[in-house]
Amino acid sequence: MKIYSYEALVIGTGAAGYNAAIRLKQFGVNVAIITEGVNCGTSRNTGSDKQTYYKLGLSGDAPDSVHKMAQNLFDGGKVDGDNALCEAALSARCFMNLCELGVPFPVNRYGEFIGYKTDHDPFERATSAGPLTSKFMTEALEKKATELKIKIFDGYKAVKILKKENSACGVLCLKGKEKVAFRSGNIIMATGGPAGIYADSVYPECHAGASGLAVLAGAKMQNLDLWQYGLASINPRWNVSGTYMQVLPRFVSVDKDGTEHEFLWDYYKDKYEGLSMVFLKGYQWPFDEKKAKNGSSVIDLLVYDECVNKKRRVYLDFTKNPFNIDFERLSEEAYSYLNRAGALFGTPIERLQKMNAPAIELYASKGVDITREYLEIALCAQHNNGGIAVDKWWQTSVKGLFAAGECAGTHGISRPGGSALNAGQVGSLRAAQFISQNPNANLCEKEFLEIAQGVKIKTHKSAAEQIEKVRRRMSDFAAAVRDKEKINAALKETLAELKTATDYGVLEVLAISGAVLTAMSGADADKTKIKEVVLTDNGFEVLARDVRPIPNEDAFFENVWRSYRENKNIY
């Protein structure tokens with residue numbers, strides 16, 4: 001068995017993974033990256049109409065501050081205050097780093113990074129480099145990693161986190177059918193969300209995630225019942241948020257006989273009320289149960305009903321208006337926005353061309369011409385707001401194992417749109433800072449080899465079929481529309497399969513699915529409580545704890561400076 005040794009390892013080549021490795025290298029740590037595929041991953045392969053990056057306000061006269069941003073993140077519910085404060089305090093540093101690396105975030109003629117309002121955002125902190133913001137981030141960070149000559153092991157599938165007692169000591173990988181071991185006491189997982197557990201998903205098909213590795217390693221998971229679902233196109237997989245909704249497209253379902261139904265008007269007798277809700281879906285894009293009776297999430301439920309219950313295919317049509325629109329009869333918010341955008345005219349595609357031409361070009365680049373074709377959509381899983389539980393340095397409950405990016409469960413119930421991109425940059429920086437000052441020592445080669453050789457990795461021809469069965473079950477019973485009895489039944493099946501599974505890929509997807517179902521089976525509505533799930537020898541254990549408050553420590557400069565000189569305040 002080949003063994004490689006590094007002071008630190010990063011798993012994943014998305015925006016968070018590259019940033020973690022770059023920071024470690026800059027801090028003098030000998031680091032390497034392991035990836036199943038350099039060009040895979042969510043941050044490289046996803047986006048929206050104008051993908052948002054959420055950061056501290058850097059323009060105008062709005063009285064923003066670090067603690068205001070931290071409070072807004074914390075107020076989303078089920079969020080730890082120390083993570084929120086870090087994400088706010090380091091947002092400007094991480095954002096400016098991306099700008100210096102060449103990510104084309106727009107400025108006005110005076111250099112201000114003008115913002116706009118995104119979902120769950122009381123200020124105008126959001127910015128965007130267009131539909132492909134996270135792709136641009138990943139490419140810019142990849143270029144920097146190349147300049148720094150960071151070693152990347154491409155085509156290495158991480159299959160097990162190796163431990164001695166409760167301390168990480170390395171990663172076991174498969175390179176084709178060959179087992180390869182990486183020895184390191186400092187591992188940063190930057191593997192994205194558990195994308196591979198849902199059949200109806202907007203995650204890129206090349207990205208399955210690896211959160212199951214953390215579950216199987218005994219790391220605590222948190223808030224796994226908190227998912228973000230939204231309307232997305234099926235082929236290609238892409239969010240139809242923002243301008244795609246604000247231009248007021250036509251919603252059409254097609255039954256098995258080929259008959260079209262404009263189904264929104266079966267529910268909305270006042271068509272202008274319905275059209276105004278379509279507009280609101282733009283920046284209220286994530287499904288929200290608080291908006292599911294009289295708000296914009298009614299649109300999600302109507303699409304779900306057509307797809308799942310009526311077995312129809314649902315499409316957006318940008319070529320024609322839903323009806324002859326009198327724009328002045330829209331809600332004040334919708335009318336004002338379209339008026340300011342100069343888009344009170346024409347068809348949806350003409351309005352989209354005026355407001356956001358790159359949103360049309362995006363689909364054209366993927367072989368879909370929405371100026372002529374219907375666009376098939378569904379209600380899909382898009383982002384996990386929970387994940388692996390981490391402390392203020394993004395270290396998990398397993399010593400030496402860190403999590404950054406979507407796989408880290410820092411977001412809570414109602415995160416502002418785009419905050420995930422900021423969190424990935426901040427979390428990877430925090431983990432690198434801690435490792436650089438507090439490294440977890442590597443095991444000696446002999447002891448590590450004994451641990452690595454003791455792990456048996458099995459594969460089965462039926463694995464793909466078994467995994468697809470799990471995904472279908474999760475989409476049917478554990479997505480945006482949930483029934484407690486069905487969730488419990490799905491959990492029972494999952495636990496039974498987990499006991500007998502031996503294929504490493506099946507084990508991983510069953511482990512994370514079981515953890516998610518366990519969290520969903522007894523969801524806690526208290527915003528000040530966090531539910532943790534951990535896999536033990538006796539099955540899944542559920543723990544409840546209070547959220548950690550926002551720190552309120554001594555901010556006297558001389559005291560902070562003194563301790564910074566001593567240990568850089570990394571402890």
Side-chain angles (χ1 to χ4, degrees), residues 48-49 117-120 228-234 239-255 259-341 343-352 354-356 359 370 373-380 382 417 480-481:
S48 58
D49 72 310
K117 191 175 181 181
T118 185
D119 48 298
H120 306 301
Q228 187 165 286
Y229 306 92
L231 298 180
S233 58
I234 293 173
N239 299 329
V240 287
S241 55
T243 327
Y244 291 118
M245 293 290 104
Q246 290 164 337
V247 298
L248 312 178
R250 198 167 67 105
F251 281 71
V252 179
S253 67
V254 179
D255 63 27
T259 304
E260 292 190 0
H261 306 266
E262 291 194 58
F263 57 93
L264 293 189
W265 316 132
D266 295 336
Y267 181 87
Y268 288 107
K269 303 309 177 187
D270 182 342
K271 291 187 176 182
Y272 284 96
E273 178 190 359
L275 211 53
S276 296
M277 288 301 163
V278 170
F279 172 86
L280 282 178
K281 279 304 304 172
Y283 59 81
Q284 293 179 357
W285 176 78
F287 175 80
D288 184 348
E289 62 180 342
K290 296 187 293 294
K291 302 181 180 74
K293 290 187 177 179
N294 300 306
S296 59
S297 291
V298 170
I299 305 296
D300 299 311
L301 294 178
L302 293 175
V303 171
Y304 177 88
D305 184 56
E306 294 293 310
C307 290
V308 177
N309 298 326
K310 296 179 181 177
K311 307 299 181 186
R312 296 172 176 174
R313 299 174 72 176
V314 176
Y315 301 86
L316 295 180
D317 175 15
F318 292 95
T319 68
K320 295 187 288 292
N321 284 318
F323 51 86
N324 188 21
I325 303 172
D326 178 352
F327 291 99
E328 292 185 356
R329 294 180 62 183
L330 293 169
S331 67
E332 174 58 31
E333 187 172 11
Y335 176 81
S336 175
Y337 189 97
L338 292 171
N339 186 38
R340 290 187 67 184
L344 295 174
F345 71 95
T347 61
I349 197 66
E350 290 170 335
R351 293 190 286 273
L352 190 57
K354 170 77 174 182
M355 295 168 66
N356 187 0
I370 62 173
E373 302 173 48
Y374 284 10
L375 183 67
E376 187 170 7
I377 64 168
L379 180 58
C380 296
Q382 189 262 354
V481 179

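Predicted, not measured: the structure shown is a model, and the values here were computed from it.
The distance from the CH2 atom of W285 to the CD1 atom of I299 is 15.0 Å, given to the nearest 0.5 Å. L379 CG to L301 CG: the interatomic distance, rounded to the nearest 0.5 Å, is 7.5 Å. Interatomic distance, D270 CG to W265 CH2, rounded to the nearest 0.5 Å: 9.0 Å. Distance check: E350 CD to M355 CE gives 13.5 Å after rounding to the nearest 0.5 Å. Note that NZ of K354 and CG of L344 are 10.5 Å apart. Values are rounded to the nearest 0.5 Å. Put simply, CD1 on I234 and SG on C307 are 6.5 Å apart, with the number rounded to the nearest 0.5 Å.
Contacts of K311 classified as side chain to side chain contact (heavy atoms under 4.5 Å, CB included), with partners at least two apart in sequence or in another chain: none. Listed by chain and number, the residues in a side chain to side chain contact (heavy atoms under 4.5 Å, CB included) with K310 are D305, E306, R312 (sequence neighbours excluded).
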Item to check | Verdict with reasoning, H120 to D288, per side-chain contact (heavy atoms from CB on, under 4.5 Å) | outcome: CA-CA 11 Å; H120 306 301; D288 184 348; 4.1 Å; yes
Item to check | Working for side-chain contact (heavy atoms from CB on, under 4.5 Å), residues L302 and F251 | outcome: CA-CA 10 Å; L302 293 175; F251 281 71; over 6 Å; no
Checklist entry - How far apart are the C-alpha atoms of Y335 and F279, what are their side-chain angles, what is the distance that settles it, and do they pass the ring pair (Phe, Tyr, Trp, His ring centres under 6.0 Å) test? => result CA-CA 10 Å; Y335 176 81; F279 172 86; over 10 Å; no
Checklist entry - Between L316 and M245, is a side-chain contact (heavy atoms from CB on, under 4.5 Å) present by the stated rule, with each step listed? => result CA-CA 9 Å; L316 295 180; M245 293 290 104; 3.6 Å; yes
Checklist entry - Given N356 and Y244, is the side-chain contact (heavy atoms from CB on, under 4.5 Å) satisfied, shown in steps? => result CA-CA 9 Å; N356 187 0; Y244 291 118; over 6 Å; no
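Smallest separation of non-hydrogen atoms from A359 and L352: CB-CD1, 4.1 Å. Of all heavy-atom pairs between V278 and P249, the closest is CG1-CD, 4.0 Å. Minimum heavy-atom separation, S296 to M277: N-SD, 3.6 Å. Closest of all the heavy-atom pairs between F287 and A480 is CE2-O, 4.0 Å.
Other residues, nucleotides and ligands place no more than 12 heavy atoms under 6.0 Å from the CG atom of N294. Residue K269 qualifies as enclosed at atom NZ: its count of foreign heavy atoms under 6.0 Å is above 12. Heavy atoms of other residues, nucleotides or ligands lying less than 6.0 angstrom from CD of E373 number more than 12.
With contacts defined as side-chain heavy-atom distances shorter than 4.5 Å, the pair F318/L375 qualifies. With a 4.5 Å cut-off on side-chain heavy atoms, Y272 and F323 count as touching. Side-chain contact between L338 and L248 is present, with at least one heavy-atom pair separated by less than 4.5 Å. Within the 4.5 Å cutoff, no side-chain heavy atoms of K271 are placed close to those of E262. Taking the side chain as every heavy atom from C-beta outward, N321 and P348 approach each other to under 4.5 Å.
Although no hydrogens or angles enter the test, the distance criterion places no donor-acceptor pair under 3.5 Å between the side chain of S297 and the main chain of D300.
With respect to the salt-bridge test (charged N to carboxylate O, under 4.0 angstrom), the residues K320 and D317 qualify.
Within the structure, ring-ring contact (aromatic ring centres under 6.0 Å, His included) pairs that include any residue of residues 298-317 comprise Y315-Y374 (at least two apart or interchain).
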